[in-house]
Undergrad: 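Quick one: the structure is below, and I'll ask about it shortly.
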Amino acid sequence: MGKDNKVATDENDKVKKGPDFIRQIINKDLETGKNGTRVHTRFPPEPNGYLHIGHAKSICLNFGIAEDYEGGLYNLRFDDTNPEKEDTEYVEAIKEDIQWLGFDWKDRLFFASDYFDKIYDFALELVNSGKAYVDSLNAEEIREYRGTPTKPGKDSPYRNRTVEENLEMLENMKNGKYKDGEHILRAKIDMAHVNMNMRDPAIYRIKNATHHRTGDKWHIYPMYDFAHGYEDAIEGVTHSICTLEFENHRPLYDWFLDNVSAPCHPQQIEFARLNLSYTVMSKRYLLELVKSGIVDGWDDPRMPTICGLRRRGVTPTAVRTLAREIGISKVNSMIDMNFFYYIIREEMNETASRMMAVLDPLKVVITNYDADTTEEFDADNNPQIENGGTRKIPFSREIYIERDDFMEDAPKKFFRLAPGREVRLKHAYFLTCNEVIKDENGEVVELHCSIDPETRGGNSPDGRKVKGTLHWVSAAHAVDAEVRLYDNLFTLEDLSNMEEGKQYNDYLNPESMMILSNCKVEPSLANAEPGAPYQFLRKGYFSADSKHHSKEKPVFNRVVALKDSWAKMQKK
RNA sequence: AUCCCGAUGGUGUAAUUGGUAACACACCAGAUUCUGGUUCUGGCUUUGGGGGUUCAAGUCCUCCUCGGGAUGCCA
């Protein structure tokens, strides 16, 4: 089966996708020798939040490109230019997430704050050449002076300060002689420029704040547009890949590089960020979900954060496969969450150990089976793997089956257990339901069934067939477990498309987490390690929860359900 | 409103860069199966609109329409 797959893949390779538009640019640069033979990228997170799957797309792109080219290099650089928002706590979390994804930046871990001196020198260059000035307008005035997209701005009255005066004031800004917002260093470009970003953008703002790495050394901090190109140039980055919203900033990126003695001029290239249906990617929403307690922290298994996915049981391979399969373009698009689920299933089908786990147990007493007997059956660990091996599973008089595998008034198309009907207990016997026991409320509490001893192992000597095969677990041997079923966090596919007057939390999915605390599972599952993939037969892929699972009290997260064509049929 | 970017099926991405639209998902139908899983077979649907260049246009030009971004001392 796996072999057939390989052949098909090889055939597909002949018609495989061409390089994406960014790799095409790089190929061309390599041909023309623009950067010699170098390909050098970077991922520049701001340490002010946790990484999510959208970042993963960017990481896979940036780092993946460098890996694709011989001699290619990639940097991890923390863009820590705003001390008020950033914290070293995030630095470690981000590093851990990127490592988990399988990338190794080796000795190329950098911090923008390490370049503060060099960046300041670039500012001095601009001041000295008359291309930057200290403005003393306040924030509101600056906004007014900027004009609008249709109306040109006007020059600040401070625009023509002398180089000497600018130099002196900048020095004072740097040394903390002023209060926050009192002055600001601006580039002198063009207050009437059609691109608002070019209307004398801010270079340094005064922030008398303690930086998580430079402490109190600085009282001014560089703006993103001003600093970013220099950070890239200092590191010798060749291709500076960022998301679409920076497209309008590219002229500025280039301007800052062109007007000082930068060591090189990296090329900024923009691509469309990832949107996934039924979830949110914005830092603000994610933070609110955590702070309001709607989710159980950044690593809640419903969160699209890397740590959330990890805790849920999603593998790094699945994330990287997704990043590769969705491609890369400049079109804003929405990836169907089901596509991600498909990728996860495809991988786990190959890797997950099959296990018996009954999530909603219904007791079955096998009336013709001896109460003191226990026998063992061989069960496949993974039928997808040729020599996947088997394990022993115990069988006894009382077992549990899934409650919805029984139906009292079953339609013809229902292939599972019903009064008088025969099914197969996976790996064990054919089973017929003889009697339904109910409580005073009429609820089914127990089934009395009988097995056909001739069908031991799961096949009948007379060749008769059964339509359904059920998973089960021996009551005497089962371990109690908690299982958490997850679904999309939101009921709205595209959260940027909310009805008027509605908030994102009006669309929270009340069934995003269903905790089943009365599950019965195979004994060996108590020893499960978080991250190890399991398939609970006929139910889905699961993984032990890294936060709550213990041998004494097993807790499993559902990564993704199995396809269920019976459920689909019922919906119709 | 002005500027920038974009537009290929239900979704995402391709198309040897001007050579006659493909791959995957989804969906539908059937087969196989000790998981209603997997696998297999078949089906479905596509170049936003108008003009132009050309033997030939998804690709080039032009106008229009629609969508996204830009009016932080955030990144």
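Here is how names work: the chains are called A, B, and so on, in the same order as the sequence lines, proteins then strands, and each is numbered from 1. Small disclaimer: the values here were computed from a predicted structure and weren't measured.
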Undergrad: As a test of the definition: with a 90° window around 0 for syn, would you call B/U17 syn or anti?
TA: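 Syn conformation for B/U17.
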
Undergrad: So, is A/Lys85 near the phosphate of B/C73, with a side-chain N or O under 4.0 Å from OP1 or OP2?
TA: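 So the side-chain polar atoms of A/Lys85 never come under 4.0 Å of the phosphate oxygens OP1 or OP2 of B/C73.
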
Undergrad: For A/Asn488, give me all partners under side-chain contact (heavy atoms from CB on, under 4.5 Å), at least two apart in sequence or on another chain.
TA: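 Listed in chain order: A/Tyr278, A/Met337, A/Tyr341.
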
Undergrad: Report the glycosidic orientation of B/G58: syn if within 90° of 0, anti in every other case.
TA: anti

Undergrad: Looking only at side-chain N and O atoms, does A/Thr469 come under 4.0 Å of OP1 or OP2 in B/U35?
TA: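 Answer no for this pair, as no side-chain N or O of A/Thr469 is under 4.0 Å from OP1 or OP2.
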
Undergrad: Would a 4.5 Å heavy-atom cut-off, applied to side chains only, mark A/Asp87 and A/Pro47 as touching?
TA: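 They are not in side-chain contact.
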
Undergrad: Do any side-chain nitrogens or oxygens of A/Thr148 fall under 4.0 Å of OP1 or OP2 in B/A1?
TA: no

Undergrad: Look at the side chain of A/Glu245 and decide which nucleotide, out of B/G37, B/A75, B/A26, has an atom nearest to it.
TA: B/A75

Undergrad: Measure from the side-chain heavy atoms of A/Ile326 and tell me the nearest of B/C4, B/A75, B/G12.
TA: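 Selected nucleotide (nearest to the side chain): B/G12.
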
Undergrad: Can you check whether A/Arg205 has a side-chain N or O nearer than 4.0 Å to OP1 or OP2 of B/C74?
TA: yes

Undergrad: Does A/Lys330 put a side-chain nitrogen or oxygen below 4.0 Å from OP1 or OP2 of B/G68?
TA: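 Negative; the distance criterion is not met.
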
Undergrad: Pick the nucleotide of RNA chain B nearest each of A/Ala567 and A/Ser333; which residue has the one closer to the 5' end?
TA: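 By nearest-heavy-atom nucleotide position, the 5'-most residue is A/Ser333.
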
Undergrad: Taking only side-chain N and O atoms of A/Arg250, does any of them lie within less than 4.0 angstrom of OP1 or OP2 on B/C4?
TA: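 So the side-chain polar atoms of A/Arg250 never come under 4.0 Å of the phosphate oxygens OP1 or OP2 of B/C4.
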
Undergrad: Between A/Arg345 and B/U38, does any side-chain N or O lie under 4.0 Å from OP1 or OP2?
TA: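 So the side chain of A/Arg345 is outside the cut-off, no N or O lying under 4.0 Å from OP1 or OP2 of B/U38.
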
Undergrad: Do A/Val560 and A/Tyr342 come close enough that some side-chain heavy atom pair is under 4.5 Å?
TA: no

Undergrad: Think A/Ser565 has a side-chain N or O under 4.0 angstrom from the OP1 or OP2 of B/G37?
TA: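 It does, given that an N or O in the side chain of A/Ser565 lies less than 4.0 Å from OP1 or OP2 of B/G37.
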
Undergrad: Any side-chain N or O of A/Arg324 under 4.0 Å from OP1/OP2 of B/G12?
TA: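 Answer no for this pair, as no side-chain N or O of A/Arg324 is under 4.0 Å from OP1 or OP2.
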
Undergrad: As a test of reading the structure: which of B/C73, B/C4, B/C28 is closest to the side chain of A/Lys568, going by heavy atoms?
TA: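 Nearest nucleotide to the side chain: B/C28.
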
Undergrad: Any donor-acceptor pair under 3.5 Å between the side chain of A/Arg199 and the base of B/U71?
TA: no

Undergrad: A/Val194 side chain: which of B/C3, B/A75, B/U71 is closest?
TA: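 Shortest atom-to-atom distance from the side chain points to B/C3.
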
Undergrad: OP1 or OP2 of B/U38 sitting under 4.0 Å from any side-chain N/O of A/Lys563?
TA: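 Checking B/U38 against A/Lys563, a side-chain N or O does come within under 4.0 Å of OP1 or OP2.
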
